[in-house]
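Each chain gets a letter, A, B and so on, in the order its sequence line appears, and its residues count up from 1. Predicted model, so just to flag it, every value in this text is computed and none were measured.
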2 protein chains.
Amino acid sequence: MSIKPRQAGIELGLHASIVSVDRNEPHVVCVTSPGNSKARDSLPFGVFTPLAHRTLEIGLRRWVEEQTGLSLGYVEQLYTFGDRGRHAREGDRGPHMVSIGYLALTLQTDIAKEHVRQRRWYDFFPWEDWRLGRPQIIDTTIEPLLLEWCKRKPDNDAHEHPLGRKERIRFLFGLNGVSWDEEKVLDRYELLYEAGLLEEALIDGRSAAKAWDTPCELGRPMNHDHRRILATAMSRMRGKLKYRPLVFELLPPEFTLYELQKVVEAISGTPLHKQNFRRLVEGGGFVEATGDMKKSTGGRPAKLFKFRRVALVERPSPGLRVKATTPPPNA
Amino acid sequence: MSIKPRQAGIELGLHASIVSVDRNEPHVVCVTSPGNSKARDSLPFGVFTPLAHRTLEIGLRRWVEEQTGLSLGYVEQLYTFGDRGRHAREGDRGPHMVSIGYLALTLQTDIAKEHVRQRRWYDFFPWEDWRLGRPQIIDTTIEPLLLEWCKRKPDNDAHEHPLGRKERIRFLFGLNGVSWDEEKVLDRYELLYEAGLLEEALIDGRSAAKAWDTPCELGRPMNHDHRRILATAMSRMRGKLKYRPLVFELLPPEFTLYELQKVVEAISGTPLHKQNFRRLVEGGGFVEATGDMKKSTGGRPAKLFKFRRVALVERPSPGLRVKATTPPPNA
DNA sequence: CTTATTTATGCTCATATTGAGCATTACCTT
DNA sequence: AAGGTAATGCTCAATATGAGCATAAATAAG
């Protein structure tokens with residue numbers, strides 16, 4: 001087969017961040033490297049073939065099914081990554097790889113395939129789990145390392161970023177009384193990457209000898225930019241949680257309000273006020289009682305609820321910042 | 001040059017929805033067909049060439065500059081469209097086209113290129129402009145046509161959509177007391193498309209003879225799926241407006257609060273309460289007074305403001321639905 | 001059998017955020 | 001000087017939110 005040097009073709013990769021929640025712990029489906037326990041994980045992925053796949057999403061579902069045996073429920077496109085050099089390790093031969101990242105949700109928590117497993121989300125982003133309070137790793141490791149990185153460059157270098165390094169750190173990691181914004185997963189990941197604190201940012205592969213079987217200090221790394229794609233998925237999920245009833249895709253058809261709360265907490269990474277959460281969910285019309293009870297709660301039995309599908313469109317996205325006045329504008 | 005029949009290659013198109021606001025009217029940059037005034041407009045677009053463009057965004061900027069002479073400010077990736085048959089009109093020959101849609105903002109309102117012009121947003125989506133109250137076209141044209149489409153199929157056919165046609169219409173177009181959600185631009189576009197009410201949905205080109213120089217009843221059509229890309233841009237802008245200070249990219253460095261309000265209204269398509277808007281913007285720390293005044297307001301002179309760049313990260317995204325409790329969780 | 005423990009659920013209350021509109025101020029035009 | 005037009009300041013009622021107390025209904029312990 002003679003392959004002509006052609007106009008640097010493009011190959012479209014489809015990458016899936018498949019999220020599930022098992023016993024209040026969020027997981028993501030990973031593909032491990034056969035035979036090499038030190039190698040990093042990948043997200044399930046495949047190449048889009050227009051002849052075989054009618055749409056991008058169909059292609060993704062096909063690949064995921066083939067690689068993991070999972071058939072996906074909710075699927076949402078996230079972002080298309082196409083920077084040159086994303087796959088530098090593969091060498092400069094071959095077509096340029098552009099990747100489309102997807103967020104997918106599943107109820108399944110058991111996978112029957114070799115080299116496929118569900119890993120805990122927070123192994124990759126240990127600084128994102130605030131359910132038991134501010135994670136230690138921020139104060140013990142992240143903040144000191146970031147402040148050191150700060151010193152290596154004048155603070156007001158606007159070329160790099162409209163904000164100084166110190167300010168970015170302060171706002172993204174909630175220092176000096178700034179409150180934590182759990183949606184900024186991607187921004188935090190990128191800051192850490194920029195500061196050279198993540199394994200993936202070390203281009204020379206210096207760290208290849210390290211065993212990644214145990215979570216490392218600044219989170220378990222992944223192949224290529226897969227951890228960035230995962231961070232994008234996490235940001236999107238946490239954001240969307242607040243105005244679209246995504247969580248229900250992660251719960252069985254019937255559930256108690258507390259189970260629902262625990263899943264929301266798992267995703268958002270923050271603790272919630274039980275009574276207020278209940279008021280919000282019930283008042284919002286998202287659920288309706290089935291009439292049945294769940295006994296094995298450890299205390300008083302809990303009412304079982306199911307998702308009200310109508311709620312999907314019933315209420316306009318809440319959280320509006322600007323709101324229309326009544327018809328006759330006073331402008 | 002002998003080109004071998006190869007594995008249906010992929011070409012990546014980069015499409016830009018370039019938005020500006022001129023005299024309180026939002027516009028989008030269009031490329032018109034030379035010599036054919038009946039032909040539809042396109043969005044500026046070009047093919048991504050990995051050898052020439054280091055990143056997707058750089059490629060987009062390059063193409064836009066070449067085609068329109070504009071150098072873009074804010075640019076944001078929207079969505080990647082890849083369905084087979086998107087470009088059916090071009091025949092089945094040639095590589096498969098996958099397109100990445102972008103939203104871009106610019107201050108410029110004058111374009112010095114032939115066959116490039118800025119058209120009013122609402123010419124493409126006349127039902128989206130509620131600034132002067134509910135648009136007539138909804139009651140006179142859209143609702144009757146949609147209800148007719150309703151009758152052509154049983155209402156509870158869940159295969160088509162989890163919601164019945166009637167319910168979708170009701171919620172998307174704000175019938176029967178349901179309030180209008182200005183963010184659902186894309187959903188409305190897709191409903192109209194599905195109902196076959198848009199020119200683009202008529203695959204046989206029956207309407208090719210119509211002159212598109214004047215806005216048509218259900219909005220001015222565009223080539224291929226460009227109007228869908230534009231609808232995506234509009235949805236994104238209206239949504240993002242509420243939690244990111246995007247508007248300032250559409251205003252000169254100094255502006256009055258009323259000018260700011262008018263731009264927000266132009267984008268969101270809804271009228272706002274003047275005093276409350278002022279309270280929101282000033283209280284939110286988005287702007288600071290420059291000390292200067294604008295005289296030619298027609299009444300009392302207005303203070304001039306400028307954007308406070310810090311606000312970008314200072315406040316976590318407002319509009320949170322679920323909010324963390326204080327550290328010791330009562331769960 | 002009674003009491004402690006545990007979780008579910010109901011309800012209150014102070015505070016903050018909205019939506020709406022009235023009142024006053026400061027310029028311009030006639 | 002009077003009237004027109006916006007800008008700006010302020011009030012007020014209606015909700016929404018954050019926090020916590022109180023009660024109910026199960027199980028486990030003694």
Side-chain angles (χ1 to χ4, degrees), chain A residues 24 179-180 242-243 254-262 264-265 268 270-305 315-331, chain B residues 24 179-180 242-243 254-262 264-265 268 270-305 315-331:
Chain A
N24 301 338
S179 68
W180 176 258
K242 284 149 197 159
Y243 61 97
E254 302 200 351
F255 46 84
T256 70
L257 291 186
Y258 195 56
E259 286 166 350
L260 174 61
Q261 179 184 342
K262 281 303 166 190
V264 172
E265 289 179 340
S268 74
T270 55
L272 300 173
H273 184 284
K274 202 181 191 176
Q275 297 93 323
N276 292 346
F277 178 80
R278 151 187 296 272
R279 175 174 64 190
L280 182 73
V281 172
E282 280 192 292
F286 292 113
V287 298
E288 61 185 321
T290 65
D292 299 323
M293 304 292 275
K294 173 166 182 169
K295 292 272 187 178
S296 52
T297 63
R300 173 175 170 175
K303 279 190 211 156
L304 281 168
F305 290 83
R315 42 187 36 226
S317 9
L320 298 188
R321 286 289 88 185
V322 287
K323 178 86 183 290
T325 18
T326 33
N330 78 337
Chain B
N24 300 338
S179 69
W180 177 257
K242 284 149 198 158
Y243 60 98
E254 301 201 351
F255 46 82
T256 71
L257 291 185
Y258 195 55
E259 286 165 350
L260 175 62
Q261 180 184 340
K262 281 303 164 188
V264 172
E265 289 179 340
S268 75
T270 55
L272 300 173
H273 184 284
K274 202 183 194 173
Q275 297 93 320
N276 291 346
F277 179 79
R278 150 186 298 272
R279 177 174 64 188
L280 181 73
V281 172
E282 281 192 291
F286 292 112
V287 297
E288 61 186 322
T290 65
D292 299 323
M293 305 290 277
K294 174 165 181 170
K295 292 273 187 177
S296 51
T297 63
R300 173 175 171 176
K303 279 190 210 155
L304 281 168
F305 290 83
R315 44 184 36 227
S317 7
L320 298 188
R321 285 289 88 184
V322 287
K323 178 86 183 292
T325 19
T326 34
N330 79 335

inquiry  = Once hydrogens and angles are ignored, does a donor-acceptor distance under 3.5 Å link the base of dG19(C) to the side chain of Arg279(B)?
reply    = yes

message = Under 3.5 Å, is there any donor-acceptor pair linking the side chain of Arg300(B) to the base of dG4(D)?
response = no

Atom-pair distance ([atom1] on [X]; [atom2] on [N]), nearest Å:
X: Leu272(B); N: dG19(C); atom1: CG; atom2: P; value: 10 Å
X: Lys295(B); N: dA26(C); atom1: NZ; atom2: C1'; value: 9 Å
X: Gln275(A); N: dG18(D); atom1: CD; atom2: C1'; value: 11 Å
X: Met293(A); N: dA24(D); atom1: CE; atom2: C1'; value: 10 Å
X: Leu260(B); N: dA7(D); atom1: CG; atom2: P; value: 12 Å
X: Lys294(A); N: dT6(C); atom1: NZ; atom2: C1'; value: 15 Å
X: Phe277(A); N: dG10(C); atom1: CZ; atom2: P; value: 15 Å
X: Arg278(A); N: dG10(C); atom1: CZ; atom2: C1'; value: 9 Å

Given [options], the nucleotide with the shortest approach to the side chain of [X]:
X: Thr297(B); options: dA22(D), dA7(D), dG9(D); answer: dA7(D)
X: His273(A); options: dA19(D), dG9(D), dG10(C); answer: dA19(D)
X: Lys274(B); options: dC21(D), dA7(D), dT7(C); answer: dA7(D)
X: Asn276(B); options: dA19(D), dT8(D), dA20(C); answer: dA20(C)
X: Glu282(A); options: dA26(D), dA8(C), dG10(C); answer: dG10(C)

inquiry  = By nearest heavy atom, map Gly299(B) and Phe305(B) onto DNA chain D; which one lands nearer the 5' end?
reply    = Gly299(B)

Ion pair check, Glu265(A) and Lys262(A), cut-off under 4.0 Å = yes

Can you tell me how far the [atom1] atom of [X] sits from the [atom2] atom of [Y], to the nearest 0.5 Å?
X: Asp292(A); Y: Leu304(A); atom1: CG; atom2: CG; value: 6.0 Å
X: Arg278(B); Y: Lys303(B); atom1: CZ; atom2: NZ; value: 7.0 Å
X: Glu254(B); Y: Phe305(B); atom1: CD; atom2: CZ; value: 11.0 Å

query = Side chain of Gln261(A), backbone of Phe277(A): donor and acceptor closer than 3.5 Å?
reply = no

message = Whether Lys303(A) contacts dG10(C) is assessed here as follows: a side-chain N or O lying under 4.0 Å from the phosphate OP1 or OP2. Is that the case?
response = yes

request  = Starting from the 5' end of DNA chain C, give me the residue, Gly298(A) or Leu304(A), whose nearest nucleotide shows up first.
outcome  = Gly298(A)

